[in-house]
Amino acid sequence: MTRDSSNEDDDHENLIHQNKDKSASFRIEELQSPIRRRFSKGHYLLAAIVTVISLVATIYLFFSSKICGTTSDRIKESQLRALYLLNKQRSSLFDLWNNTFGTSNNITAVRFDQIKASLLDQITLNRHIKDTLLSTENGTVSVPIVNGSEICRKIDPKSSKRRTIEWKPDPNKFLFAICLSGQMSNHLICLEKHMFFAAVLNRVLVIPGSKFDYQYNLVLDIEHINECIGRKTVISFENFMELKKNQARIDKFICYFSIPLPCYTDEDHLKQLKSLGISMGKVETAWKSEDIENPSPKTVKDVEEKFGTKEDVIAIGDVFFANVEKDWVLQPRGPIAHKCKILIEPRKLILLTAQRFIQTFLGSGFVALHFRRHGFLKFCNAKKPSCFYPIPQAADCIRQMVEKANTSVIYLSTDAAESETSLLQSMLVMNGKTIPLVKRPPRDSAEKWDSLLYRHGLDGDDQVEAMLDKTICAMASVFIGAPGSTFTEDILRLRKGWETASSCDEYLCHGEEPNFIAGDK
């Protein structure tokens with residue numbers, strides 16, 4: 001079941017004014033005693049850096065203007081440009097100053113990394129100012145910049161200890177996964193939560209079939225899950241029906257949510273299940289007032305109390321919006337003990353195709369951008385602030401990230417119209433050079449990077465195409481995602497599991513990666 005995000009009756013609801021850049025100004029009256037009492041060593045250090053950079057840049061411009069005062073109009077034009085850049089740098093530095101005071105009394109390690117990254121941005125801007133001031137009729141004197149790899153470092157997944165649960169199911173007890181909310185990305189998140197439920201309840205998880213859900217074996221390596229755990233923990237719907245000699249029965253059908261509909265399903269879906277040869281008893285609800293719009297936090301004990309039973313086959317649905325042991329479930333590599341990097345990953349054909357595409361078009365260092373537009377305007381404008389950005393603002397955010405990552409190419413995963421992507425491409429220019437946006441081209445028999453999919457009859461399948469997009473993005477040096485998108489969330493899950501996540505990964509124009517709870521949308 002999908003939610004209608006294109007209802008035109010609401011097109012004019014939640015319209016907002018575009019966020020405008022706020023000109024930061026340094027006002028002495030803002031630094032009264034309440035703020036002084038919040039000073040830490042980090043604040044004094046930041047204050048010194050802000051003051052020194054501004055002072056040095058201003059002195060540099062003053063003496064440069066004295067030296068070049070009698071030169072050509074081009075030099076004067078360069079100085080005017082430098083004045084503009086200095087003003088922009090000054091605003092950014094004081095934005096950093098004010099935001100630092102407004103967050104907490106102490107600078108944490110995470111906050112210090114953010115400050116460091118922001119100051120490195122200003123160092124890069126300072127390079128542009130120097131380049132502008134040193135511009136002559138014969139060209140530009142270049143000043144070395146900080147290497148992007150020093151800023152965008154790989155995140156060490158071993159820095160924190162994982163909390164895990166052993167999945168040791170009774171081979172005769174089964175949990176039938178019900179996932180109906182949204183598109184494939186939602187279903188994969190739902191499936192991962194079902195795996196956690198199955199581990200808690202000591203049951204084998206039954207993966208739904210294509211006649212009731214997506215055809216998961218097209219995009220996932222199901223057997224990989226069993227190999228990683230070292231025992232039979234998941235089974236396909238077809239194998240389950242074969243085991244039950246095509247006379248399966250769901251002994252207990254329990255809905256996690258009761259609002260707006262029990263199990264977030266309807267009679268048509270229940271009829272579909274019955275048409276597959278599955279009989280079932282009465283549908284029950286675990287909690288009478290559990291609402292998908294406001295899921296309450298639950299624990300393992302809650303799961304055991306509400307879903308623990310001696311029945312052989314139970315079904316639980318839909319758990320996509322469920323808020324169960326969030327910190328545990330959302331860990332890198334997941335909550336279940338296993339010997340692999342990640343449990344739910346693309347099948348090998350998709351992995352190889354992604355690697356071949358990268359080798360052909362992108363190279364080892366690239367930024368991946370998930371730029372979601374279709375159906376996102378209404379969704380984002382309901383947020384405060386909006387997460388839907390005009391193309392010029394998006395282009396500015398992307399340019400900053402490309403410069404920070406020190407890469408020269410962007411992989412574009414998008415549903416945007418050609419008119420939007422063409423405008424975006426025209427605005428992605430840095431140091432006089434266009435930053436290419438690379439999309440996967442249509443099928444061409446002369447190209448060999450996608451031959452594996454073609455030979456196995458998988459080319460053109462929407463779910464395979466979407467998983468290939470995710471896989472390429474997950475292999476990028478730096479990833480820029482769409483805030484609120486479960487497609488982005490699935491990419492971040494893969495990046496954390498595969499240990500490709502970077503300290504520069506972020507949501508477009510949002511800075512650091514926020515704490516996104518699967519099911520917010």
Side-chain donor/acceptor of [X] to backbone N/O of [Y], under 3.5 Å:
X	Y	answer
E290	S258	no
Q425	E420	no
T299	D302	yes
Q400	C397	no
Q463	Q215	no
K341	K496	no
T471	L351	no
R162	G334	yes
H187	C179	yes
K404	C504	no

Answer yes or no: is there a side-chain heavy-atom contact under 4.5 Å between [X] and [Y]?
X	Y	value
Y256	K193	no
W449	T353	yes
L468	L453	yes
F321	D291	no
V319	F196	no
D312	N172	no

With Y411, the ring pair (Phe, Tyr, Trp, His ring centres under 6.0 Å) member among F357, F371, F361 =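 Testing each of F357, F371, F361 against Y411, the sole residue satisfying ring pair (Phe, Tyr, Trp, His ring centres under 6.0 Å) is F357.
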Please determine if E418 and K439 form a salt bridge, counting it only when a charged side-chain N lies under 4.0 Å from a carboxylate O.
->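 Result for this pair is yes, salt bridge flagged.
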Flag the pair D170 and R203 as a salt bridge only when some basic side-chain nitrogen lies within less than 4.0 angstrom of an acidic carboxylate oxygen.
->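 Not counted as a salt bridge, because no side-chain N and carboxylate O are separated by less than 4.0 Å.
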Give the minimum heavy-atom separation between [X] and [Y], together with the two atoms involved.
X	Y	result
T421	T414	CG2-CG2, 4.0 Å
C473	R495	O-NH1, 3.2 Å
A354	I472	CB-CG1, 3.8 Å
C190	D318	SG-OD1, 3.5 Å
N202	K173	O-CB, 4.3 Å

Working to the nearest 0.5 Å, report the span between [atom1] of [X] and [atom2] of [Y].
X	Y	atom1	atom2	answer
N226	W167	CG	CH2	8.0 Å
L191	N186	CG	CG	12.5 Å
Y389	R373	OH	CZ	11.0 Å
K306	K298	NZ	NZ	8.0 Å

Please lay out, stage by stage, how D221 and K348 fare under the test salt bridge (Lys or Arg N to Asp or Glu O under 4.0 Å).
-> CA-CA 7 Å; D221 187 348; K348 192 172 183 180; over 6 Å; no
[X]: what forms a salt bridge (charged side-chain N to carboxylate O under 4.0 Å, His left out) with it, not counting sequence neighbours?
X	result
D490	K470, R493
K252	none
D450	R443

For E238, does the CD atom sit with more than 12 other heavy atoms under 6.0 Å from it, leaving out its own atoms?
->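 Enclosed: over 12 neighbouring heavy atoms sit under 6.0 Å from CD of E238.
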Hey, is CD on E304 packed in by over 12 heavy atoms from elsewhere, all under 6.0 Å?
->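 Yes, CD of E304 has more than 12 neighbouring heavy atoms, counting only those of other groups under 6.0 Å.
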Considering the options I207, L205, T233, V200, which one meets the side chain to side chain contact (heavy atoms under 4.5 Å, CB included) requirement together with M195?
->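 Of the listed options, the one satisfying the test is L205.
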Could you tell me whether F237 and F212 have their ring centroids closer than 6.0 angstrom?
->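 No.
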Going through the checks in order, is the side chain to side chain donor-acceptor pair (under 3.5 Å) test met by Q183 and Y214?
-> CA-CA 9 Å; Q183 303 301 316; Y214 288 108; 3.2 Å; yes
